[in-house]
Amino acid sequence: MSQYTRKDSYAGEAKSSRGTLILLRVLVYVCLAILTFLCLFFFYLMLVNASRSNNELMGGFSPWFSTHFFDNLKNAWTSTDMVNIKVGMLNSLFIATLSSILTTYFSALTAYGIHAYDFKGKKAAFTFIMAVMMIPPQVSAVGFIQLCYKFDLVGSYLPLIVPSVAAPIVFFYMKQYMDSVLPLEIVEAARVDGSNEFRTFNTIVLPIMKPAIAVQMIFSFVGSWNNYFTPALLLGSEKSKHTVPIMIATLRSYDWAKRDMGAVYMFMVLAILPVIIIYLFLSKFIIKNVTAGAVKG
Amino acid sequence: MSNLQQDTLRKKRRKSLSYAKWGYIFILPFFVIYIVCSLIPQFITVYNSFFENYLKGGLNQVGPNFVGFDNYKELLTPGRTGEIMVLKYMGNTMLMWIMGAIPQIVIALVLAVWFTSYRLKIKGQGFFKTVIYMPNLIMASAFSMLFVTLFSDGGPINQMLQNAGILDEPFKFFDVIISIRSLIALMNFLMWFGNTTILLMAGIMGIDQSIFEAATIDGAKSTQVFFKVTLPLLMPIVVYTVITAMIGGIQMYDVPQIITNGRGTPMNSTMTMVMQLNKYISNNKNYGMGGALSVIIFIFTAILSIFVFKSMAAQYSTNAQPQKNYKKKGAKKA
């Protein structure tokens with residue numbers, strides 16, 4: 001790198017650094033290519049192996065697709081001896097759908113309660129939610145599990161769905177969104193028109209919040225779909241109620257020498273498929289809003 | 001002032017009074033559920049940590065007997081191997097987190113600067129961002145299971161290395177402390193560096209662009225701009241990112257749990273705090289020890305959370321307006 005004095009000026013620097021700029025660009029693209037490779041390589045291998053038969057998999061490594069993708073898909077989909085993936089996917093779908101709806105609706109409702117009304121303790125309520133935002137659910141798991149045993153809720157989906165009503169991070173996002181898009185004049189206008197408060201929220205506020213709701217629905221659906229810790233503790237003993245992550249975890253303890261490895265790879269493909277489909281269609285929208293879910297860590 | 005005006009004013013006041021009740025109604029479900037599902041369990045957890053309460057051999061219920069701080073003492077005294085277990089698990093967790101987090105932050109910072117550079121004008125940003133963010137959404141347990149199969153003794157990676165003549169016999173990735181910890185760190189890195197990149201990009205785009213222009217016109221080289229201008233201005237966001245990542249790191253569970261099948265092998269070198277918590281709860285319902293460990297994890301998270309809380313409160317009190325502009329800018333670039 002050559003040294004420049006102030007006299008050489010900005011223009012001089014720009015001209016003579018064209019060579020270094022090209023060099024730098026090459027470096028940047030090489031690095032990006034390496035990282036892209038790292039991100040995709042393992043998933044590529046997963047897809048390739050999901051297309052190979054058990055014999056081919058035992059026979060040795062191949063980086064190319066084989067012809068048994070749909071055989072494996074059929075075997076995995078109808079399998080009952082390893083895990084019953086279609087039941088698992090249905091269970092997960094049920095839990096994830098309900099909890100994402102509850103999370104977004106009640107977070108928006110709570111945010112609206114604090115955004116639109118003046119009441120005693122409003123500030124305290126807001127501060128409380130902010131304060132508990134980062135506390136992970138694991139640290140109250142002992143008490144939560146005990147409560148579930150006490151009220152005979154082990155093996156039920158209720159303890160996996162109902163807690164999503166109280167999601168501080170989603171609340172915070174909704175609140176911020178309301179601050180930027182929801183002027184209280186609209187609410188006042190609705191009042192003048194004689195709309196009751198609950199109806200105002202459902203018919204006027206919620207439609208305005210649509211983009212925010214969509215973002216948080218996606219993130220909470222994915223979060224719930226991928227959740228492993230609490231479901232494993234609560235559903236562990238009832239196989240027919242297992243969610244996908246629990247099933248994937250049970251695969252871990254099998255002796256693979258005796259199993260159809262093609263199907264095992266296919267299970268993993270199926271486990272991440274719904275999220276990948278969502279992502280393929282909405283990646284731009286999701287990435288644009290990642291900063292919104294920043295506090296997720 | 002006409003009578004009419006006063007009348008409406010009075011009506012308004014009366015109405016705004018009655019509206020307050022709706023505020024309470026709307027926030028009620030959140031608080032009821034939070035108290036029932038998080039706050040009360042939290043208190044029960046703390047309460048449990050002072051009791052001896054477990055299933056002996058999975059059959060005979062022992063306790064609950066009040067034992068004071070004995071559970072904490074047991075966690076904090078050296079065990080059979082002469083190690084203090086809770087420190088060991090904490091050390092494992094932090095070590096594996098750091099191994100992934102350092103490259104995560106550094107690479108994310110570099111990428112964020114590259115992506116936002118007007119001089120470089122990187123093409124295909126949408127594609128790269130889509131790819132590097134993807135692992136963040138993948139089910140951690142499936143991703144871990146994938147690593148287990150790919151890096152197993154007869155798995156594709158070993159087959160590949162043998163075909164290439166690099167190895168004579170399969171390398172047991174999961175039996176060597178450094179390699180299994182590295183794999184876990186690699187997975188954490190892959191899952192989070194894209195996310196961090198996007199956060200830091202938003203941070204850089206939130207900085208007033210004229211500052212960069214001024215620095216360049218004054219003759220600062222790009223490395224100088226980075227270390228003297230970008231980094232100091234970005235520091236609050238970097239620190240915030242590191243702290244939230246650390247809070248996530250303390251909770252590390254899915255990846256090592258599945259990779260080692262819950263055993264933390266070899267020699268407890270990959271046992272994290274939450275894995276041990278899971279073991280206490282699921283193996284013999286040891287709510288006493290589990291409670292004590294939860295409290296320790298809670299204290300760690302709480303200390304770090306205070307920082308996050310403060311920075312968010314500060315950001316929030318400066319009004320939502322700047323936040324809105326900053327988002328718009330981000331949207332345009334993305």
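Residue numbers start from 1 in every chain, and the chains themselves are labelled A, B, ... in the order their sequence lines are given, proteins ahead of strands.
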Participant: Check whether any side-chain heavy atom of Phe198(A) sits under 4.5 Å from a side-chain heavy atom of Ile25(B), and report yes or no.
Facilitator: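 Answer no - side chains too far apart.
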Participant: Just how far is it from atom CZ of Arg252(A) to atom OG1 of Thr149(B), taken to the nearest 0.5 Å?
Facilitator: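 With rounding to 0.5 Å, CZ (Arg252(A)) is 10.0 Å from OG1 (Thr149(B)).
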Participant: Look at the aromatic rings of Phe143(B) and Phe42(A) and report parallel, tilted or perpendicular, splitting at 30° and 60°.
Facilitator: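 The rings of Phe143(B) and Phe42(A) stand perpendicular, inter-plane angle above 60°.
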Participant: Take the angle between the ring planes of Phe26(B) and Tyr112(A) and call it parallel below 30°, perpendicular above 60°, tilted in between.
Facilitator: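 Judged by the thresholds at 30° and 60°, the geometry between Phe26(B) and Tyr112(A) is tilted.
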Participant: Which label fits Tyr253(B) and Phe229(A): parallel for a plane angle under 30°, tilted from 30 to 60°, or perpendicular past 60°?
Facilitator: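 Tyr253(B) and Phe229(A): perpendicular rings.
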Participant: Where on Ala167(A) is there a heavy atom nearer than 4.5 Å to chain B: the side chain, the backbone, both, or neither?
Facilitator: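 When you check distances to chain B, only backbone atoms of Ala167(A) fall under 4.5 Å.
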Participant: Please state whether the side chain, the backbone, both or neither of Thr260(B) comes within less than 4.5 Å of a heavy atom of chain A.
Facilitator: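 Backbone of Thr260(B) only, per the 4.5 Å heavy-atom cut-off to chain A.
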Participant: Between Leu39(B) and Val132(A), is there a side-chain heavy-atom distance shorter than 4.5 Å?
Facilitator: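 No, every pair of side-chain atoms sits at 4.5 Å or beyond.
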Participant: Please classify the contact of Ile246(A) with chain B as side chain, backbone, both or neither, using a heavy-atom distance under 4.5 Å.
Facilitator: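 For Ile246(A), no heavy atom lies under 4.5 Å from chain B.
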Participant: What distance separates Ile306(B) CD1 from Met134(A) CE, expressed to the nearest 0.5 Å?
Facilitator: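 It comes to 12.5 Å.
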Participant: Heavy-atom cut-off 4.5 Å, strictly under: side chain, backbone, both or neither for Leu109(A) against chain B?
Facilitator: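 Contact with chain B is through both the backbone and side chain of Leu109(A).
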Participant: Sort Phe151(B) into side chain, backbone, both or neither according to what part of it lies under 4.5 angstrom from a heavy atom of chain A.
Facilitator: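 Side chain only.
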Participant: With chain B as the partner, which of Pro168(A), Ser140(A), Gly113(A) has the greatest number of non-hydrogen pairs under 4.5 Å?
Facilitator: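 Highest number of heavy-atom pairs under 4.5 Å: Ser140(A).
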Participant: Suppose the criterion is side chain to side chain donor-acceptor pair (under 3.5 Å): which pairs have a residue in residues 29-46 of chain B, not counting sequence neighbours?
Facilitator: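 Sorted result for residues 29-46 of chain B: empty, none.
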Participant: Give, as side chain, backbone, both or neither, the part of Val165(A) having an atom under 4.5 angstrom from any heavy atom of chain B.
Facilitator: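 Backbone plus side chain of Val165(A), per the 4.5 Å heavy-atom cut-off to chain B.
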Participant: Using a cut-off of 6.0 Å, state whether more than 12 heavy atoms not belonging to Phe151(A) lie near its atom CZ.
Facilitator: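 No, CZ of Phe151(A) has 12 or fewer neighbouring heavy atoms, counting only those of other groups under 6.0 Å.
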Participant: CE/Met139(B) to CD1/Ile276(A) distance, rounded to the nearest 0.5 angstrom?
Facilitator: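 Here the rounded value is 11.0 Å.
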Participant: Under a 4.5 Å cut-off applied to non-hydrogen side-chain atoms, are Gln138(A) and Ile297(B) in contact?
Facilitator: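 Of all side-chain heavy-atom pairs linking Ile297(B) with Gln138(A), none is under 4.5 Å.
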Participant: Between Phe193(B) and chain A, which part of the residue has a heavy atom less than 4.5 Å away: side chain, backbone, both or neither?
Facilitator: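 Phe193(B) touches chain A through side-chain heavy atoms alone.
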Participant: Check each atom of Tyr117(A) against the heavy atoms of chain B and say whether the ones under 4.5 Å are side chain, backbone, both or neither.
Facilitator: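 Side chain of Tyr117(A) only, per the 4.5 Å heavy-atom cut-off to chain B.
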Participant: Go through the atoms of Tyr47(B) and report whether side chain, backbone, both or neither lie under 4.5 Å from a heavy atom of chain A.
Facilitator: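 Interface part for Tyr47(B): neither.
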Participant: So which part of Ile114(A) gets closer than 4.5 Å to some heavy atom of chain B, the side chain, the backbone, both or neither?
Facilitator: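 Contact with chain B is through both the backbone and side chain of Ile114(A).
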Participant: Tell me, side chain or backbone of Asp153(B) under 4.5 Å from chain A's heavy atoms, or both, or neither?
Facilitator: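 No part of Asp153(B) comes within 4.5 Å of chain A.
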Participant: How long is the span from the CH2 atom in Trp22(B) to the CZ atom in Phe119(A), to the nearest 0.5 Å?
Facilitator: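 Output value for this atom pair is 13.5 Å.
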Participant: Determine whether Cys39(A) and Phe128(B) make a side-chain contact, defined as any pair of heavy atoms from C-beta on separated by less than 4.5 Å.
Facilitator: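 Of all side-chain heavy-atom pairs linking Phe128(B) with Cys39(A), none is under 4.5 Å.
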Participant: Counting only non-hydrogen atoms closer than 4.5 Å, does Ser152(B) touch chain A with its backbone (N, CA, C, O), its side chain (CB onward), both, or neither?
Facilitator: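 Contact with chain A involves the side chain of Ser152(B) alone.
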Participant: Between Ile198(B) and chain A, which part of the residue has a heavy atom less than 4.5 Å away: side chain, backbone, both or neither?
Facilitator: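 For Ile198(B), heavy atoms of backbone and side chain both lie under 4.5 Å from chain A.
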Participant: Counting heavy-atom pairs closer than 4.5 Å to chain B, which one of Ala271(A), Pro245(A), Ser253(A), Gly223(A) comes out on top?
Facilitator: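 Looking at each of Ala271(A), Pro245(A), Ser253(A), Gly223(A) in turn, Pro245(A) comes out on top.
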Participant: Heavy atoms, side chains only, cut-off 4.5 Å: are Ile44(B) and Phe144(A) in contact?
Facilitator: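 No, side chains not in contact.
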Participant: Can you tell me how far CD1 of Ile138(B) sits from CH2 of Trp225(A), rounded to the nearest 0.5 angstrom?
Facilitator: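 Between Trp225(A) CH2 and Ile138(B) CD1, I get 12.5 Å after rounding to 0.5 Å.
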Participant: Heavy-atom cut-off 4.5 Å, strictly under: side chain, backbone, both or neither for Ser62(A) against chain B?
Facilitator: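 Neither part.
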Participant: Chain B: which of Phe171(A), Phe106(A), Tyr265(A) shares the most heavy-atom pairs with it under 4.5 Å?
Facilitator: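 The candidate making the most pairs under 4.5 Å is Tyr265(A).
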Participant: How long is the span from the CD1 atom in Ile107(B) to the CD1 atom in Ile34(A), to the nearest 0.5 Å?
Facilitator: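 It is 9.5 Å, given to the nearest 0.5 Å.
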Participant: Which heavy-atom pair separates Leu40(A) from Met134(B) by the least distance, and what is that distance?
Facilitator: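 What the structure gives for the nearest pair is CD2-CE, 4.1 Å.
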Participant: Go through the atoms of Lys122(A) and report whether side chain, backbone, both or neither lie under 4.5 Å from a heavy atom of chain B.
Facilitator: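 The answer is neither part of Lys122(A).
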Participant: Less than 4.5 Å to any heavy atom of chain A: does that hold for the side chain of Ile157(B), its backbone, both, or neither?
Facilitator: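 Only the side chain of Ile157(B) comes within 4.5 Å of chain A.
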Participant: Can you tell me which portion of Met58(A) sits under 4.5 Å from chain B's heavy atoms? Options are side chain, backbone, both or neither.
Facilitator: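 Just its backbone gets close to chain B.
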Participant: Is a side-chain donor or acceptor of Asn48(B) paired with a backbone partner of Gly143(A) at a separation under 3.5 angstrom?
Facilitator: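 Judged by distance alone, no pair lies under 3.5 Å.
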Participant: If you tally heavy-atom pairs under 4.5 Å against chain B, which of Ile248(A), Val275(A), Leu32(A), Leu233(A) wins?
Facilitator: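 Looking at each of Ile248(A), Val275(A), Leu32(A), Leu233(A) in turn, Leu32(A) comes out on top.
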Participant: So what's closer than 4.5 Å to chain B heavy atoms on Val264(A): side chain, backbone, both or neither?
Facilitator: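 For Val264(A), the contact with chain B is made by the side chain alone.
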Participant: Is Asn261(B) close to chain A through its backbone or its side chain, or both, or neither, when contacts mean heavy atoms under 4.5 Å?
Facilitator: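 It is both, since atoms from each part get that close.
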Participant: Identify which part of Asn227(A) has an atom lying under 4.5 Å from any heavy atom of chain B, answering side chain, backbone, both or neither.
Facilitator: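 Nothing of Asn227(A), per the 4.5 Å heavy-atom cut-off to chain B.
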Participant: If I compare all heavy atoms of Ile258(B) with all of Ala249(A), which pair ends up nearest, and what's the gap?
Facilitator: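 Heavy atoms only, the tightest pair is CD1-CB, 3.7 Å.
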Participant: Identify which part of Lys121(B) has an atom lying under 4.5 Å from any heavy atom of chain A, answering side chain, backbone, both or neither.
Facilitator: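 Contact with chain A: backbone and side chain both.
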Participant: Side chain, backbone, both or neither: which part of Val28(A) has a heavy atom under 4.5 Å from chain B?
Facilitator: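 Both backbone and side chain.
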Participant: Between Arg25(A) and Leu120(B) (side chain of the first, backbone of the second, donor and acceptor by atom type, cut-off under 3.5 Å), is there such a pair?
Facilitator: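 Present.
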Participant: What part of Tyr105(A) gets closer than 4.5 Å to chain B, counting heavy atoms only: side chain, backbone, both or neither?
Facilitator: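 Contact with chain B: none, neither part.
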Participant: Counting only non-hydrogen atoms closer than 4.5 Å, does Phe189(B) touch chain A with its backbone (N, CA, C, O), its side chain (CB onward), both, or neither?
Facilitator: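 Side chain only.
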Participant: Which residues satisfy the side-chain contact (heavy atoms from CB on, under 4.5 Å) test with Thr130(B), sequence neighbours excluded?
Facilitator: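 Thr130(B) satisfies side-chain contact (heavy atoms from CB on, under 4.5 Å) with Tyr279(A), Ser283(A), Ile287(A) only.
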Participant: Is any side-chain heavy atom of Ile27(B) closer than 4.5 Å to one of Ile129(A)?
Facilitator: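 A side-chain contact under 4.5 Å is absent here.
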Participant: Got a donor-acceptor contact below 3.5 angstrom from the Tyr228(A) side chain to the Gln257(B) backbone?
Facilitator: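 Flag not set: sc Tyr228(A) to bb Gln257(B) has no pair under 3.5 Å.
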Participant: Among Ile250(B), Leu137(B), Leu190(B), which residue has the highest count of heavy-atom pairs closer than 4.5 Å to chain A?
Facilitator: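 Top option by heavy-atom pairs under 4.5 Å: Leu137(B).
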Participant: Does any backbone or side-chain atom of Pro63(A) lie under 4.5 Å from a heavy atom of chain B? Answer side chain, backbone, both or neither.
Facilitator: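 For Pro63(A), there is no contact with chain B at all, as no heavy atom is under 4.5 Å.
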Participant: Do Met160(B) and Leu45(A) have side-chain heavy atoms sitting under 4.5 Å apart?
Facilitator: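 Side-chain contact under 4.5 Å: no.
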Participant: Side chains of Thr110(A) and Pro29(B), heavy atoms from C-beta outward: is any pair under 4.5 Å?
Facilitator: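 Thr110(A) does not reach Pro29(B) side chain to side chain.
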Participant: Side chain, backbone, both or neither: which part of Val46(B) has an atom under 4.5 Å from a heavy atom of chain A?
Facilitator: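 The answer is neither part of Val46(B).
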Participant: Based on non-hydrogen pairs under 4.5 Å, which of Phe298(B), Phe43(B), Phe31(B), Tyr133(B) is most in contact with chain A?
Facilitator: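 Ranked by heavy-atom pairs under 4.5 Å with chain A, first place is Tyr133(B).
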Participant: Heavy-atom distances under 4.5 Å only: say whether Ile243(B) touches chain A with side chain, backbone, both or neither.
Facilitator: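 Neither; nothing under 4.5 Å.
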